[in-house]
2 protein chains.
Amino acid sequence: MTRKPAALGRRANRGVAAAVSDPISPLEAHLGYWLRVASNHVDQQLARALGAHGVTPAEWVVMRALYDAGPVAPSVLAGRIGLTRGAVTKLVDRLRAKALVVRAHGPGDRRYQIIALTGAGAKLVPALAQLVDESDSAAFGAIPAETRATIEAALRRIVAPAD
Amino acid sequence: MTRKPAALGRRANRGVAAAVSDPISPLEAHLGYWLRVASNHVDQQLARALGAHGVTPAEWVVMRALYDAGPVAPSVLAGRIGLTRGAVTKLVDRLRAKALVVRAHGPGDRRYQIIALTGAGAKLVPALAQLVDESDSAAFGAIPAETRATIEAALRRIVAPAD
DNA sequence: TATTGTTATACTCTATAACTATA
DNA sequence: TATAGTTATAGAGTATAACAATA
């Protein structure tokens, strides 16, 4: 019979009145949609680039943050890059397995630990940074600098509305 | 001893010359970074809102696309929302388990299948659409409309540079 | 052989909550 | 009890590649 599925006649059923009273916004009308699509897109490109060095985007973020911060406690790191402590633990574990990061007890409060890049990790950061620069340029280079600044400002506001 | 980890003296070691010749761009300098952070942020908010109806953001995208497209083949759907066929199969499977979508054989080429919303699925879409509207407004409402348009245009270009 | 769709596998990324050790 | 960190669990999201059925 090839009976029509329930939704098949939807448009016709909604008719004129419904079409007016019930104007559903399209998928593409939401900025969140484009944000998700673009982010996935860009992230995958970055993953490919970093993959040559066996590092993932999230791992890169941890490494880059450590590079600037020096040895810090996991909780501090989590706060800086906006992740939970559990998420940081997992990323750090992976980086430790790759000998890019080390963990040690701090001298004072024994509950605290200290995370730091290893020599190999610190050495790798500039190389990775260049890949990230290139990836970012490839993705956004066509956008005028002024527009990029506008976008960055807007995205920052979204994440930290308190600022 | 509390020996310093390898990276501890990094800054001092790099010194003046290195600081000039080797200026690594900060994490926050990359638009890709903010895109990822903001996208995760917004996506989680949306997930919370849609979660009340047992639907995930990715599932919503499929439902919304079906709502407009009517019954279509999985491959067509995949093309429209920019996913692989495998990914679409998985999402559709989940939606079928929730009785929001049905799958049937098309009349012609037996390789083709047809995906369509069920009555329940079609009925749910407008309600979800409103949640998505609200979520999008909550996330981006503070951004001027003009800026939003600029951002959307830029993101579109990133995803489809061929356009 | 080429194409459609499914299945199997494998990863990333993230969160929540329970648990351990320390304070 | 409160805090730092870990561990366990869970689930979303995606991709790739091998496979079956059909053309």
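Quick caveat, the model's predicted, so the values are computed rather than measured.
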Next on the checklist: I want to confirm an ordering. Mapping Gly86(A) and Gln44(A) to their closest nucleotides on DNA chain D, which one lands closer to the 5' end?
Outcome noted: Gly86(A)
Checklist entry - Looking only at N and O atoms, is any donor in the side chain of Arg85(A) or the base of dG5(D) less than 3.5 Å from an acceptor on the other one? => result yes
Checklist entry - Does any N or O donor sit under 3.5 Å from an N or O acceptor when you compare the side chain of Lys90(A) with the base of dT14(C)? => result yes
Checklist entry - Between dT6(C), dG13(D), dA15(D), which nucleotide gets closest to the side-chain atoms of Thr56(B)? => result dG13(D)
Checklist outcome for this item: Between Arg48(B) and Asp43(A), whichever has its closest DNA chain C nucleotide further toward 5' is Asp43(A)
Item to check | Phosphate OP1/OP2 of dT14(C) contacted by Asn40(B) side-chain N/O (<4.0 Å) | outcome: yes
Checklist entry - With distance as the sole test, does Arg64(B) use its side chain to make a donor-acceptor pair with the main-chain N or O of Ser25(A) at under 3.5 Å? => result yes
Item to check | Interatomic distance, Tyr112(A) OH vs dA21(C) C1' [rounded to whole Å] | outcome: 14 Å
Checklist entry - What is the distance, rounded to the nearest whole Å, between atom NE2 of His105(A) and atom P of dA23(C)? => result 10 Å
Checklist entry - Do NZ/NE/NH1/NH2 and the carboxylate oxygens of Arg148(A) and Glu152(A) come within less than 4.0 Å? => result no
Item to check | Phosphate-side-chain proximity, Arg36(A) and dG13(D), N/O vs OP1/OP2 below 4.0 Å | outcome: no
Item to check | Test applied, side chain to side chain contact (heavy atoms under 4.5 Å, CB included); reference residue, Val102(B); option that passes from Ile115(B), Thr118(B), Val92(B) | outcome: Thr118(B)
Next on the checklist: Distance check needed: dT6(C) C1' versus Leu95(B) CG, whole Å only.
Outcome noted: 16 Å
Next on the checklist: Please determine whether the number of non-hydrogen atoms from other residues, nucleotides or ligands lying under 6.0 Å from atom CD of Glu134(B) exceeds 12.
Outcome noted: yes
Checklist entry - Do the side-chain N or O atoms of Arg94(A) get closer than 4.0 angstrom to the phosphate oxygens (OP1, OP2) of dC13(C)? => result yes
Checklist entry - Taking it one step at a time, do Leu83(B) and Leu91(B) satisfy side-chain contact (heavy atoms from CB on, under 4.5 Å)? => result CA-CA 10 Å; Leu83(B) 297 179; Leu91(B) 291 171; 3.7 Å; yes
Checklist entry - Any idea which of dT6(D), dA4(D), dT16(C) is nearest the Gln113(A) side chain? => result dT6(D)
Item to check | Distance in angstrom units between Ile114(A) CD1 and dT22(C) C1', rounded | outcome: 16 Å
Checklist entry - Base, sugar-phosphate alone, or nothing: which one does Ala47(A) contact when heavy atoms must sit under 4.0 Å apart? => result nothing
Checklist entry - Should the pair Asp93(A)-Lys90(A) be classified as a salt bridge under the 4.0 Å nitrogen-to-oxygen rule? => result no
Next on the checklist: With a 4.0 Å limit, can you tell me whether Thr89(B) has a side-chain N or O closer than that to the phosphate oxygens OP1/OP2 of dT6(C)?
Outcome noted: yes
Checklist entry - Nearest to the side chain of Ala58(A), which nucleotide is it out of dA21(C), dT6(C), dC13(C)? => result dC13(C)
Item to check | Closest listed nucleotide, where the reference is the side chain of Ser75(B) and the choices are dT22(C), dT14(D), dG5(C) | outcome: dG5(C)
Checklist entry - Roughly how many Å is it from CD in Glu59(B) to C1' in dG13(D), rounded to a whole number? => result 11 Å
Item to check | Between P of dA15(C) and CD1 of Ile81(A), the distance in whole Å | outcome: 10 Å
Item to check | Nearest-angstrom distance from the residue atom CG of Leu91(B) to C1' of dT6(C) | outcome: 14 Å
Checklist outcome for this item: With the side chain defined as heavy atoms from C-beta on, Pro57(A) is closest, among dT16(C), dC13(C), dA21(D), to dC13(C)
Next on the checklist: From the set dA23(D), dA15(D), dA23(C), return the single nucleotide nearest to any side-chain atom of Asp109(A).
Outcome noted: dA23(C)
Item to check | Nucleotide nearest Arg110(A) (side chain, heavy atoms from C-beta), chosen from dT22(D), dT22(C), dT14(D) | outcome: dT22(C)
Next on the checklist: Just the rounded figure in Å: distance from C1' of dT7(D) to CZ of Arg103(A).
Outcome noted: 11 Å
